[in-house]
There are 2 protein chains.
Amino acid sequence: MTQGRPTMNDVARSAGVSLKTVSRVVNGETTVAPALVARVREAVASLHYRPHLGASMLRRNDRRTSTIGLLLTDVGNPFSAMLHRAVEDEARPRGVYVLTGSLDEDPDRERELVRAFARRHADGLILVPAGPDQGYLALELPDGVPVVFVDRPAAGFPGDTVLTGNAAGAAEAVRHLIGYGHRHIAYLGDLARIATARRRLRGYLGVVEDAGLPPTVVGGLHDTAAAEASTLDLLRRTQPPTALFTAQNLITIGAVRALRRLGLQHAVALVGFDDFPLADLLDPGVTVVAQDPAEMGRAAARALLKRMDGHTAEPREIRIPTTLIPRGSGEIPG
Amino acid sequence: MTQGRPTMNDVARSAGVSLKTVSRVVNGETTVAPALVARVREAVASLHYRPHLGASMLRRNDRRTSTIGLLLTDVGNPFSAMLHRAVEDEARPRGVYVLTGSLDEDPDRERELVRAFARRHADGLILVPAGPDQGYLALELPDGVPVVFVDRPAAGFPGDTVLTGNAAGAAEAVRHLIGYGHRHIAYLGDLARIATARRRLRGYLGVVEDAGLPPTVVGGLHDTAAAEASTLDLLRRTQPPTALFTAQNLITIGAVRALRRLGLQHAVALVGFDDFPLADLLDPGVTVVAQDPAEMGRAAARALLKRMDGHTAEPREIRIPTTLIPRGSGEIPG
DNA sequence: TTGAAAGCGCTAACAC
DNA sequence: GTGTTAGCGCTTTCAA
């Protein structure tokens with residue numbers, strides 16, 4: 001019955017017209033007699049003909065696939081997932097579909113995925129950079145394929161960049177704690193390679209120094225367990241801090257666990273960077289500086305689609321502000 | 001400088017060999033003299049040649065793109081996101097990449113996305129069905145493109161199906177509550193179209209009836225707010241239940257909020273279907289019947305890849321068991 | 001307005 | 001081992 005799917009030629013034969021006429025109808029050209037259009041449409045329907053995008057792409061001049069690539073830290077984490085959803089929502093009305101992949105902070109994986117998506121003729125890329133340098137993009141990507149960077153600045157390749165107010169958000173958190181009378185505020189975070197972490201630390205240090213307070217920095221925390229352990233150590237010191245600023249999601253949760261274990265959750269103040277579900281249901285509710293991943297995704301997708309439409313201008317830097325959400329843990333006086 | 005990217009012909013000219021020899025080298029065929037291989041490799045590198053997958057696909061017999069489509073309820077929700085990640089992890093070592101999309105329980109959207117992915121020559125699909133019938137797949141998909149269904153059974157198209165033990169999990173939750181002495185256990189859930197919800201309700205009803213207990217069913221709950229309101233109503237009745245079984249994530253959270261507001265969180269027992277982050281940090285910890293989205297994703301991807309490898313056998317039904325995780329709220333005696 | 005021929009970049013089939 | 005020829009399904013170019 002089916003020996004491969006039907007081609008334009010099959011449709012042409014079935015409709016009694018030439019191949020080219022079918023092509024014209026399928027592509028919505030208006031220079032075809034209505035009677036022929038109808039015959040072709042009928043044949044298309046009865047044969048269940050679907051145009052072969054690859055073949056069309058090969059011959060066409062514009063060579064668009066209406067597909068973009070989205071390279072995230074980890075498609076499974078809630079932050080990435082919300083960003084992903086926002087990108088899809090912007091792309092959907094344009095008939096643009098999304099290839100996705102997780103980089104796990106691995107620069108090799110970043111380049112591998114870029115190459116894979118380039119081979120699949122993505123019209124553009126949205127990238128949360130894992131590596132320190134994106135110069136390779138010039139080699140992997142055909143000319144004219146735009147890239148928008150998200151959450152971290154890129155190096156070596158031009159593109160719009162969507163960033164959160166990392167330093168500003170951290171500064172706001174620390175100022176909030178100072179406003180409640182705290183004079184000894186500790187920073188818990190991941191000081192690693194990642195530019196994001198450094199910016200948050202800078203925000204903390206700036207405010208603490210301006211206020212003439214002693215900085216306490218605990219770095220190198222990558223997961224909940226490490227954060228919990230470090231927080232326990234910190235609070236058992238002879239001069240423990242009266243307030244904590246945790247620079248990331250998982251670290252905040254580790255700190256909450258530690259405070260519980262010591263029964264200090266109503267005694268030591270806490271503000272975390274990044275919101276998380278149910279933060280309001282804990283006791284006390286956890287005060288956070290929330291990012292807006294959905295807005296970041298929307299902004300990135302809009303910037304990319306604009307470039308794909310031929311918009312050429314100097315790469316822009318788009319900054320999405322953070323919001324401090326007081327829920328109790330950050331309003332414990334010092 | 002760049003007038004389009006280089007083709008195999010450019011490489012052949014640059015290396016002083018024939019087009020076909022380049023093709024052989026690029027495709028890793030072993031019947032080429034080492035000296036020529038080296039010359040071709042060099043030319044490939046210096047010209048930054050990248051093979052044109054579309055053209056290759058067009059001519060090749062097997063016509064594979066090493067791309068699969070993943071159609072989820074909502075890429076932004078944690079359950080879908082974890083499933084997505086597991087699929088990616090299975091596909092990655094095979095050099096298979098993933099097109100993703102959200103259906104939002106909309107059958108039209110389901111068909112639209114299937115068509116879009118088929119046009120992009122996905123080698124296979126993993127689908128969380130939104131609509132009641134998947135018969136259209138036979139028209140939209142080329143012959144031989146396998147589909148694996150996840151989380152819900154499909155109709156009208158053959159394919160492996162990965163399901164959670166919905167009825168069994170619900171039954172276990174209710175039995176757990178009965179084991180703690182409860183005789184009046186209410187069901188809160190979404191009774192809508194969705195097969196999943198009906199199965200959970202069936203699990204509840206089966207156990208309750210077998211135990212000779214009166215069923216109390218509150219349905220039509222779609223979000224946290226509705227669940228909170230309904231729970232409040234329920235607990236203010238003259239004969240309130242002593243235990244709640246909430247059939248879904250968001251409903252569980254709504255119920256938790258309601259119990260808090262009434263100060264009953266240590267008096268009324270609660271078991272929820274679906275785990276959620278921080279369930280253990282609440283007071284009391286929330287006992288749940290946990291699904292395993294990662295295992296569902298792995299199973300689906302493995303089944304799909306096997307079919308893509310030519311495995312032909314009767315479609316299988318793969319059932320991923322649930323796990324009851326006691327954390328406190330389900331162990332309050334009745 | 002419609003059609004015939006050429007060819008996009010690549011690989012299958014068959015020479016040499 | 002290597003090269004030549006034909007052609008995948010479609011759009012371009014140009015002629016009718």
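The sequence lines fix the lettering, A, B, ..., with proteins before strands; numbering per chain opens at 1.
Counting non-hydrogen atoms under 4.0 angstrom, N27(A) reaches the backbone sugars and phosphates but no base. Across all strands shown, V26(B) has no heavy atoms under 4.0 Å from either base or sugar-phosphate atoms.
If you take CE of M57(A) and P of dG9(C), they are 11 Å apart, rounded to a whole angstrom. The distance between atom CE of M8(A) and atom C1' of dG7(C), rounded to the nearest whole Å, is 16 Å. What separates CD of E29(B) from C1' of dT2(D) is a distance of 12 Å, to the nearest Å. Between the P atom of dG9(C) and the CG atom of L47(B) lies a distance of 14 Å, rounded to the nearest Å. Between the P atom of dC10(C) and the NE2 atom of H121(A) lies a distance of 9 Å, rounded to the nearest Å. As a whole-Å value, the separation of R59(B) CZ from dC8(D) P is 7 Å. In this structure, R64(B) places its CZ atom 21 Å from P of dC8(D), rounding to the nearest Å. Summarising the geometry, the separation between CG on L53(A) and C1' on dC8(C) is reported as 15 Å, rounded to the nearest angstrom.
D160(A) places a side-chain N or O within 3.5 Å of a backbone atom of R316(A) that can act as its donor or acceptor partner.
Look at E105(A) and R152(A) and you find a salt bridge, because one of the NZ, NE, NH1 or NH2 atoms lies within 4.0 Å of a carboxylate O, short of that distance. The existence of a salt bridge linking R85(A) and D74(B) is confirmed by a sub-4.0 Å separation between a basic side-chain nitrogen and an acidic carboxylate oxygen.
Distance from the side chain of A33(B) is smallest for dT2(D) among the nucleotides dT2(C), dG9(C), dT2(D). Ranking dC10(C), dG3(D), dC10(D) by closeness to the P51(B) side chain, first place goes to dC10(C). Listed nucleotides: dC10(D), dG3(D), dT2(D). Nearest to the side chain of L36(B): dT2(D). The side chain of T21(B) lies closest to dT2(D) when the candidates are dC10(D), dG7(D), dT2(D). Listed nucleotides dG9(D), dT2(D), dT2(C) differ in distance to L58(A); the shortest reach to its side chain belongs to dG9(D). Comparing dG9(D), dT2(C), dG9(C) by their nearest atom to the side chain of H52(B) picks out dG9(C). Ranking dG3(D), dG3(C), dG9(C) by closeness to the K20(B) side chain, first place goes to dG3(D). Set against dG9(C), dT12(D), dT11(D), the side chain of L19(A) has dT11(D) as its closest nucleotide.
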Practice task
Apply side chain to side chain contact (heavy atoms under 4.5 Å, CB included) to the pair I68(B) and M308(B), showing each step before the final yes or no.
Solution key: CA-CA 10 Å; I68(B) 61 174; M308(B) 283 163 50; 3.7 Å; yes

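Phosphate proximity of dT11(C) to S56(B): present, with a side-chain N or O under 4.0 Å from OP1 or OP2. Within the 4.0 Å cut-off from OP1 or OP2 of dG3(C), at least one side-chain nitrogen or oxygen of S18(A) is found. Contact annotation: S23(A) side-chain N/O to dT11(D) OP1/OP2 distance is under 4.0 Å.
Side-chain contact, R319(B) with T164(B): no donor N or O sits under 3.5 Å from an acceptor N or O.
Judged by atom type and distance alone, R24(B) reaches the base of dG3(D) through a side-chain donor-acceptor pair under 3.5 Å.
Within a 6.0 Å sphere centred on CD of E42(A), heavy atoms belonging to other residues, nucleotides or ligands number 12 at most.
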